[in-house]
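All figures in this text were calculated on a predicted structure; none of them were measured in a lab.
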Amino acid sequence: MFKRSLLLLTLFPLVTFAEALPAPVKAIEKQGITIIKSFDAPGGMKGYLGKYQDMGVTIYMTPDGKQAISGYMYDEKGKNLSNALIEKEIYAPAGRELWQQMEKASWLPDGKKDAPIVLYVFADPFCPYCTQFWQQARPWVDSGKVQLRTLLVGVIKPESPMVAAAILSTKDPAKTWHDYEASGGKLKLNVPASVPPEQMKAINMNQKIMDDLGANATPAIYYMDKEKMLQQVVGLPDKEQFNVMMGNK
């Protein structure tokens, strides 16, 4: 569900590979693959985990050590063993780092702070789908099962940043956003002629994180699944996506 981006992969810390690489692996490395670590693969094979452009890759040495195969390994049940390794060693750590970036951002809380499920939502004040999602989530938020953390951005209209700034400038921005969404965007706001520096900084930071995550529309929703993997839904979630993120499945 979570779209892997080049940015996500580049967030994964690179370390110098200490082991001497076999000649076939060196040859593959010259094609632009960065070797991250070696691992013991099934069947007594030696494996190497790397990355190439926007994806993780696995390389397997033949028993005689003279050939290397780049690709996926499957077990007898059809399970992709390579993908599981890539998810664990590359995408999961990078996803956790992006999650930490969202935690440190200027988000507006909605719901109990100790709710078992946390959803980060990038939203524009003029986004009707953001409002629809906000309304659909009310039973879960009001019952204490889910906390929404909204990061305001200004992407839909030229005046979006000013309206976002008006919300962030109020005495209680979280309540103002709640009332704004509850009114369907009809709540009267003291919209500034230009965005004040403090609010502009917060909006720009939210926008940067959204761009880093690879999202290009609102709402852009992020959550950690049961395996602690960062998941993404861009746009209004369908029924299945909604049930998964709300913990119904």
Nearest heavy-atom neighbours spanning [X] and [Y]:
| X | Y | answer |
| --- | --- | --- |
| Met61 | Ala68 | SD-CB, 3.8 Å |
| Ile203 | Pro161 | CD1-O, 3.5 Å |
| Trp99 | Met224 | CB-CE, 3.6 Å |
| Pro42 | Leu81 | CG-CD1, 3.8 Å |
| Gln207 | Gly154 | OE1-N, 4.4 Å |
| Val234 | Ala217 | CG1-O, 3.7 Å |

side-chain contact (heavy atoms from CB on, under 4.5 Å) between Leu119 and Arg149: does it pass, once the steps are laid out?
-> CA-CA 6 Å; Leu119 304 178; Arg149 297 180 176 180; over 6 Å; no
Could you go step by step and tell me if Met229 and Glu87 meet the side-chain contact (heavy atoms from CB on, under 4.5 Å) rule?
-> CA-CA 8 Å; Met229 293 292 298; Glu87 291 281 348; 2.5 Å; yes
State, yes or no, whether a side-chain contact exists between [X] and [Y] at a heavy-atom distance under 4.5 Å.
| X | Y | value |
| --- | --- | --- |
| Cys127 | Pro219 | yes |
| Gln147 | Lys113 | yes |
| Met73 | Thr58 | no |
| Leu187 | Glu181 | no |
| Met102 | Ile209 | yes |
| Tyr52 | Thr34 | no |
| Leu151 | Val121 | no |
| Met245 | Ile221 | yes |

Compute the centroid of each ring, for Trp140 and then for Phe242, and state whether the two points are separated by less than 6.0 Å.
->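 That pair passes the under 6.0 Å test.
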Kindly indicate, with the supporting measurements, whether the criterion side-chain hydrogen bond (donor to acceptor under 3.5 Å, both in side chains) is fulfilled by Ser82 and Tyr60.
-> CA-CA 10 Å; Ser82 302; Tyr60 300 94; 2.5 Å; yes
Would Trp134 and Asp110 satisfy side-chain hydrogen bond (donor to acceptor under 3.5 Å, both in side chains), going step by step from the backbone distance to the final call?
-> CA-CA 10 Å; Trp134 184 91; Asp110 184 6; 3.1 Å; yes
Has [X] got a side-chain atom pairing as donor or acceptor with [Y]'s backbone, closer than 3.5 angstrom?
| X | Y | result |
| --- | --- | --- |
| Asn248 | Val244 | no |
| Thr150 | Trp107 | no |
| Gln241 | Asp238 | yes |
| Ser106 | Ala202 | no |

Heavy-atom count check: over 12 atoms from other residues, nucleotides or ligands less than 6.0 Å from [X] [atom1]?
| X | atom1 | result |
| --- | --- | --- |
| Phe39 | CZ | yes |
| Glu198 | CD | no |
| Phe126 | CZ | yes |

Only one of Asp211, Asp212, Asn206 forms a side-chain hydrogen bond (donor to acceptor under 3.5 Å, both in side chains) with Lys208, so which one is it?
->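 Exactly one option meets the side-chain hydrogen bond (donor to acceptor under 3.5 Å, both in side chains) with Lys208, and it is Asp212.
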Indicate yes or no: does Asp142 engage Arg138 in a salt bridge with an N to O separation below 4.0 Å.
->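 Salt bridge: yes.
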Honestly curious: do Ile69 and Tyr74 fall in one hydrophobic cluster under the side-chain, below-4.5 Å linking rule?
->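 Ile69 and Tyr74: separate clusters.
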Connected via hydrophobic side-chain network under 4.5 Å: Ile117 and Leu230 =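 Yes, one cluster joins them.
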Can you tell which of Ile167, Leu108, Leu168 makes a side chain to side chain contact (heavy atoms under 4.5 Å, CB included) with Thr176?
->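 Going through the options one by one, the only one that passes is Ile167.
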Could you please spell out the steps behind the side-chain hydrogen bond (donor to acceptor under 3.5 Å, both in side chains) verdict for Tyr222 and Gln232?
-> CA-CA 5 Å; Tyr222 296 87; Gln232 167 185 274; 2.6 Å; yes
Please walk me through it: do Lys112 and Lys145 pass side-chain contact (heavy atoms from CB on, under 4.5 Å)?
-> CA-CA 8 Å; Lys112 293 184 177 180; Lys145 296 179 180 178; over 6 Å; no
Between atom CD1 of Ile33 and atom OG of Ser70, what is the distance when rounded to the nearest 0.5 Å?
->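 Between Ile33 CD1 and Ser70 OG, I get 4.5 Å after rounding to 0.5 Å.
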Evaluate side-chain contact (heavy atoms from CB on, under 4.5 Å) for Tyr48 paired with Lys37, printing each intermediate quantity in order.
-> CA-CA 6 Å; Tyr48 293 86; Lys37 64 179 294 186; over 6 Å; no
Do the ring planes of Trp177 and Tyr180 sit parallel (below 30°), tilted (30 to 60°) or perpendicular (above 60°)?
->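 The rings of Trp177 and Tyr180 lie parallel, inter-plane angle below 30°.
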Thr218 vs Asp124, side-chain hydrogen bond (donor to acceptor under 3.5 Å, both in side chains): CA-CA, chis, key distance, verdict | CA-CA 7 Å; Thr218 54; Asp124 184 292; 5.7 Å; no
